[in-house]
Structure formats: C-alpha cells, structure tokens
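Letters A, B, ... are given to chains in the order of the sequence lines, protein chains preceding strands, and every chain is numbered from 1. As the structure is a prediction and not an experimental result, all values here were calculated from the model.
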Protein chains: 2
Amino acid sequence: MTSRSTYHHGDLRQAVLAAALDVIAADGPGALSLRDLARRAGVSHAAPAHHFKDRTGLLTALAAQGYGLLAETLAAAPDLRERGVRYVRFAVEHPAHFQVMFQPDLLRADDPDLLAAKERASAELRAGVAGLTDLPDARTAGIAAWSLAHGFATLLLTHNVRDALGDSDPEDYFRSLTGLLFAGQLPLAEGE
Amino acid sequence: MTSRSTYHHGDLRQAVLAAALDVIAADGPGALSLRDLARRAGVSHAAPAHHFKDRTGLLTALAAQGYGLLAETLAAAPDLRERGVRYVRFAVEHPAHFQVMFQPDLLRADDPDLLAAKERASAELRAGVAGLTDLPDARTAGIAAWSLAHGFATLLLTHNVRDALGDSDPEDYFRSLTGLLFAGQLPLAEGE
DNA sequence: TCATCATCTTGTCACTGACTAGATAGTGCG
DNA sequence: CGCACTATCTAGTCAGTGACAAGATGATGA
C-alpha cells in the first residue's frame, strides 16, 4: 500500500495470503490468480512463487492456516453441541478458508504443515466425544455430529438455507436444529 | 472416437459433458479445460463454445443435469431415512456432479434450466418431511435431515471419513449414523 | 569488508478462455 | 427440385495465466 522504496516487500507472504482470502471470499478459488495477487501486493508477477512455489502451494498454505484457526475455535468448548456451534461459527467467519480446506483437489495432500494443522483440528473434534464413555462407538458418534455441523455449514455457505434462516443468527438456528434432532422428534421411518 | 468423416460431430454436447465428468471426477473442476474437452471429442478448440457459450455455461449445464439426476434418485423413497441414504448414494455414484452442484461460484445462478432442475430436486427433499404433520416446524426438520446427509456425503467425497468407514458400505454406515443419532444416545451437553 | 543467502525482477514459453469471421451441413419452404 | 435459413463446426487471433530460468538487490553474519 504505502509506496515502498525498499527493494524487498517486508511481509509479502502475509500480504499475498490476505489478498487471496479476499479474492476467494468474493469470487471463489477459481478466480484466484497469482499474478493478480502480485499486482495487489505491488510486486512483480513471479514474486509470490518464491514463498509458495505455485498455485497449489498457496492454497495449501491457506488450508493449513484454516485448520489451525479451526483448532483454536474448537478448543475448550464446554460440550458437544457448543463444539458444533463453533464449527458453524468458523465457517461463517472464515468462508474462504473453509472452502479451500474441503477441496482436496486444490491442495497438496502430503504437505507437512497441512497434515500437522489438520491433525490438531482433528484432535479437537475427537475431544468432543471423548468423554462420552457410555457410547458403544464414540468414533461413529463423532462422525455423526461432524456430519451434521459440516453439512449445515456447507449448505449455509452455498446459500442453500438462506430463506429458511430468515433474520435469525446461523448459530442460533443450528442450536435449534440439534434440539429438534436430539429430542427424538424426527421419525425416520414410517412417519405415517 | 470412430474417425468421423462428417463435418458435424453428431452429439458433441453429450460427448463434452461426458468427458467433463471424467476430468472432474479425476482431478476436480479446476483441471477442466474447454480446449482439452474439444481435443477429446476430436473437434476444433472453439466447437464446445457453441453449445455452452463458455466455461461457466458448461459447468452450469452439468449442475442442472446433476439436480435432475438427484431428483430422480430421491423420487418415491419410502421414508425419510431412505431418502437420506439415497442422497448419499447419489453423491457416491455421481461425485463430479455433486461437486459442481455445490460450488455456486462456478455456476450461472440465474440459468433457467439450472433453477428448474434445482426446484425439482428441492421438491423431492421437501416431500421427505411433508408427511410429518406432528412436527412443529417441518422446514427446520427438513434442513436438519438435509444437513446430516449432505455433511456425511461431503466428508465422504473429501476423504475425511475414509479410515472410520473401513470396508463397510457408505450407505450402510449412514444408516447406522442415523440410528445412533435418533436413538437419542448422543447427549449434546454435559456429557460428564 | 566481503561472501552468502533469501528475496524480488525480468524475460520467456506453452496453455487457456473468449471472441471473430467464415466454411459446412442439415432442414424446411417455395 | 432448388434455395434460403439456421445450426454446427473450423480457423485465426488476443490478452491473461502458471511455471520456469537467470539475474539483480539487499540483508546477514563472519
């Protein structure tokens, strides 16, 4: 921004990451161009490559950052429901990260930083059902809860529940969802 | 494929759509190139443009086709659980369609064909909870069920439940998920 | 002071999407 | 039958992009 006189940018890596988040939030990952990001940061078209190697590298770095943020968001949630609420909150507050994190074909799956951050987030997710020792299969229970939160978050970001939501807060709506489900009010079969 | 002697391809539209599905299923929508699809179909690089106008048009056509297939898959399911199972089945059998359908930034949101197909699928989803007249809010119930199925399907396609699944069939696993949830065995709060 | 290294620039290549103009084939209408 | 009309496809072109290579610049430390 401030017309720099120095040859070096100073913090190009962060500048590019931040600009990438803006672009993705606005127009999706497909609209992301390394050259455009370079222009926004005021550097030459090939400068970002030194920090991220290539487009996939940049997206992988974003995803790793996202998993780190998710782990922070989930940390020390009081109970399972609240963990789900925070999962939804993360998706709402970091839509660009969320999108990239769950598109494996955009990422370098074997990246060490990505794997580490993913493991941290995964541990937080597992911690949500760890205390439920009375369950026959805690892992399956965890996936059930994860599916619900992830599905709602995804439908939210893809504008598929916009009209049902109305003016209500997404997090509150999700709370009511879980309430409805777990009150056993929703018969699965033979509703007639 | 068969070295055509005629000037016209015959069914270029279908050929391009089919090739696009292959590419997307293999490497994601980002790897899709109109010129590559043209090469695969054995036509000139600009031929597909006549059928789909541009890249977004092609993806929109794919999404519309997907919503149509989804509506067919969901039609006349016996009960709500089975509707969820079929939703998961659709995602497994048509991963390329599923991916494109839920990335709005790739699509032309106001396309008439897309909107019509989406409405058909949406009607099938709503039909799943229509009979449950004892519910206070059928719409919220529908979103709860949709979230669960969509979340599981998404996590499945993004390879996030692979190890938990083991050798078991995804549809069976989803049935057990719903059983676990609706048996009320999963306490949301104060699990201690 | 000077060597070393990370950072950034410049130049280049093949590829892509989009657009244009024109060639070719099928279709209906007289 | 012949002729216009339209859909389909070809060929050529342009700007933008990712990736790579080689060189310039500045910071760091011995």
Notebook entry, point to check: Of the candidate nucleotides D:dT17, D:dT10, C:dG17, which contains the atom at the shortest distance from the side chain of B:Ser33?
Noted result: C:dG17
Checklist line | Shortest non-hydrogen separation from B:Ala63 to B:Leu114 and the atoms involved | finding: CB-CD1, 3.8 Å
Margin query: Does anything in residues 105-118 of chain A form a salt bridge (charged side-chain N to carboxylate O under 4.0 Å, His left out)? List the pairs, not counting sequence neighbours.
Written below: A:Asp54-A:Arg108
Can you measure from [atom1] ([X]) to [atom2] ([Y]) and round to the nearest 0.5 angstrom?
X: B:Ser33; Y: B:Arg40; atom1: OG; atom2: CZ; answer: 9.0 Å
X: A:Leu69; Y: A:Met101; atom1: CG; atom2: CE; answer: 8.5 Å
X: B:Leu62; Y: B:Leu32; atom1: CG; atom2: CG; answer: 7.5 Å
X: A:Asp169; Y: A:Arg89; atom1: CG; atom2: CZ; answer: 9.0 Å

Item checked: Residues that B:Arg55 engages under side chain to side chain donor-acceptor pair (under 3.5 Å), provided they are two or more places apart -> none
Item checked: Residue whose nearest DNA chain D nucleotide is more 5′ - A:Asp36 or A:Ala49 -> A:Asp36
Measure [atom1]/[X] against [atom2]/[N] and give the value in whole Å, please.
X: A:Leu34; N: D:dG18; atom1: CG; atom2: P; value: 5 Å
X: A:Asp11; N: C:dT7; atom1: CG; atom2: C1'; value: 13 Å
X: A:Leu32; N: D:dA19; atom1: CG; atom2: P; value: 11 Å
X: B:Gln14; N: D:dT8; atom1: CD; atom2: C1'; value: 16 Å

Notebook entry, point to check: Partners of A:Glu119 by salt bridge (charged side-chain N to carboxylate O under 4.0 Å, His left out), sequence neighbours excluded?
Noted result: A:Arg126
Next item on the list: If the plane angle is over 60° it's perpendicular, under 30° parallel, otherwise tilted; pick one for B:His150 and B:Trp146.
Entry: perpendicular
Next item on the list: Anything under 30° is parallel, anything over 60° is perpendicular, the rest tilted; go ahead and classify A:Tyr87 against A:Phe98.
Entry: perpendicular
Just the table, please: protein N/O against nucleotides 11-14 of chain C N/O, every pair under 3.5 Å.
{"unit_1": "C:dG11", "atom_1": "O6", "unit_2": "A:His45", "atom_2": "NE2", "d": "2.8"}

Item checked: N or O in side chain of A:Arg13 less than 4.0 angstrom from C:dC8 OP1/OP2 -> no
Next item on the list: Specify the residues of residues 50-66 of chain B, ordered by number, for which at least one heavy atom lies under 4.0 angstrom from an atom of DNA chain D.
Entry: B:His50, B:His51
Margin query: What's the angle between the local helix axes at either end of the helix from C:dT1-D:dA30 to C:dG30-D:dC1, using five pairs per end and rounding to 10 degrees?
Written below: 10°
Next item on the list: Verify side chain to side chain donor-acceptor pair (under 3.5 Å) between A:Thr140 and B:Tyr173, making sure each step is shown before the conclusion.
Entry: CA-CA 9 Å; A:Thr140 303; B:Tyr173 193 88; 3.3 Å; yes
